[in-house]
S.K.: 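Have a look at this one before I ask anything.
In each ligand, atom 1 is the first atom listed, and ligand 1 is the first ligand listed. Atom set for the values below is all heavy atoms of this structure, side chains included, hydrogens, waters and symmetry mates excluded.
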Amino acid sequence: MRKPLVAGNWKMNGSRESNIALVKGLLEGSSQIANAEILVCPSFVYITEVAKQLEGSSIAYGSQDVAKEEVGAYTGEISVGMLKDIGCSYAIVGHSERRALFGDTDVIVAQKFAAAQNGGILPVLCVGELLEEREAGQTEAVVERQLQAVVDLVGISALEKSVVAYEPVWAIGTGKTASPQEAQDVHAFIRGWISKEDAAVAEKVRILYGGSVKAANAKELFSQADIDGGLIGGASLAADEFISICEAAG
Ligand code: PEP
């Protein structure tokens, strides 16, 4: 039985003040949620403060990215060792914004995945197609290519200690959500693809859906057989909305 996970990706939003209010709201609301795991991914600079506020709670915290290198002369980068040092348990890798805007290729994403896992942090591997790729009928091929790059580097069994997030790029921050059936079809494809290599891993790995999830559509999405929670951007910045999404998963 896979425990649902709802992850908030705060992106480059927030301030010390707004984070305190947001986390306060999450702490108040999360006490009613028993059957879903909650994760927040603040900007790097705020992780430590958010962690202090979350101390003693069941809400996990993680990062939005991680360096592929372990240590050394990589100005501006944050290593997995540093993230582990401050108690992160997850790191998002391969978010579509990083792929599109910061040059994260499939190979680099795979290296970041490996770095996170080797350093004891669970990678949340984002995959997903562009609108033109969906329209050209290439969704499965794109997702397969993105997964294959990771499997080529770390092997199929490594997926067991990770989370996959299917995020159609056309649905991220656009207000357009994949229909529950569209999302389920891709999730089933991903699980089936993993299963061809290792059925036990496929059964265990959580596959999140991301792309304009909100309280109003979360329940229907999360009730699909292969959707094990969500990766939430915009709606994770409002405590009440995010808690309602967590309730829908739990
Ligand atoms: C995301 O950035 O991962 C995301 C899913 O964003 P949003 O929920 O705002 O579409």
S.K.: Going by atom types only, do Q146 and D106 share a side-chain donor-acceptor pair under 3.5 Å?
M.R.: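 Distance-only check fails for Q146 and D106.
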
S.K.: Extract all N/O-N/O pairs under 3.5 Å that connect ligand 1 to the protein, and present each with both atom names and the distance rounded to 0.1 Å.
M.R.:
unit_1, atom_1, unit_2, atom_2, d
ligand 1, 2 (O), K11, NZ, 2.5
ligand 1, 2 (O), H95, NE2, 2.8
ligand 1, 3 (O), H95, NE2, 2.9
ligand 1, 3 (O), E167, OE1, 3.1
ligand 1, 3 (O), E167, OE2, 2.7
ligand 1, 6 (O), G233, N, 3.4
ligand 1, 8 (O), G233, N, 2.8
ligand 1, 9 (O), G234, N, 2.8
ligand 1, 10 (O), G173, N, 2.7
ligand 1, 10 (O), S212, N, 2.7

S.K.: Please work out which of the three classes, parallel, tilted or perpendicular, describes the rings of H187 and Y209, given edges at 30° and 60°.
M.R.: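 Tilted.
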
S.K.: Output, in order, the C-alpha distance, side-chain angles, deciding distance and verdict of salt bridge (Lys or Arg N to Asp or Glu O under 4.0 Å) for E37 and K3.
M.R.: CA-CA 7 Å; E37 191 181 343; K3 186 171 189 179; over 6 Å; no

S.K.: Specify the closest pair of heavy atoms between I245 and V213, including all atoms of both residues, with the distance to one decimal.
M.R.: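 Looks like CD1-O, 3.9 Å.
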
S.K.: Using distance alone, with no hydrogens and no angle criterion, decide if E132 and W170 have a side-chain donor and acceptor under 3.5 Å apart.
M.R.: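 Side-chain D/A pair, E132 to W170: absent.
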
S.K.: How many angstroms lie between CG in L159 and CZ in R191, if you round to the nearest 0.5 Å?
M.R.: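 With rounding to 0.5 Å, CG (L159) is 11.5 Å from CZ (R191).
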
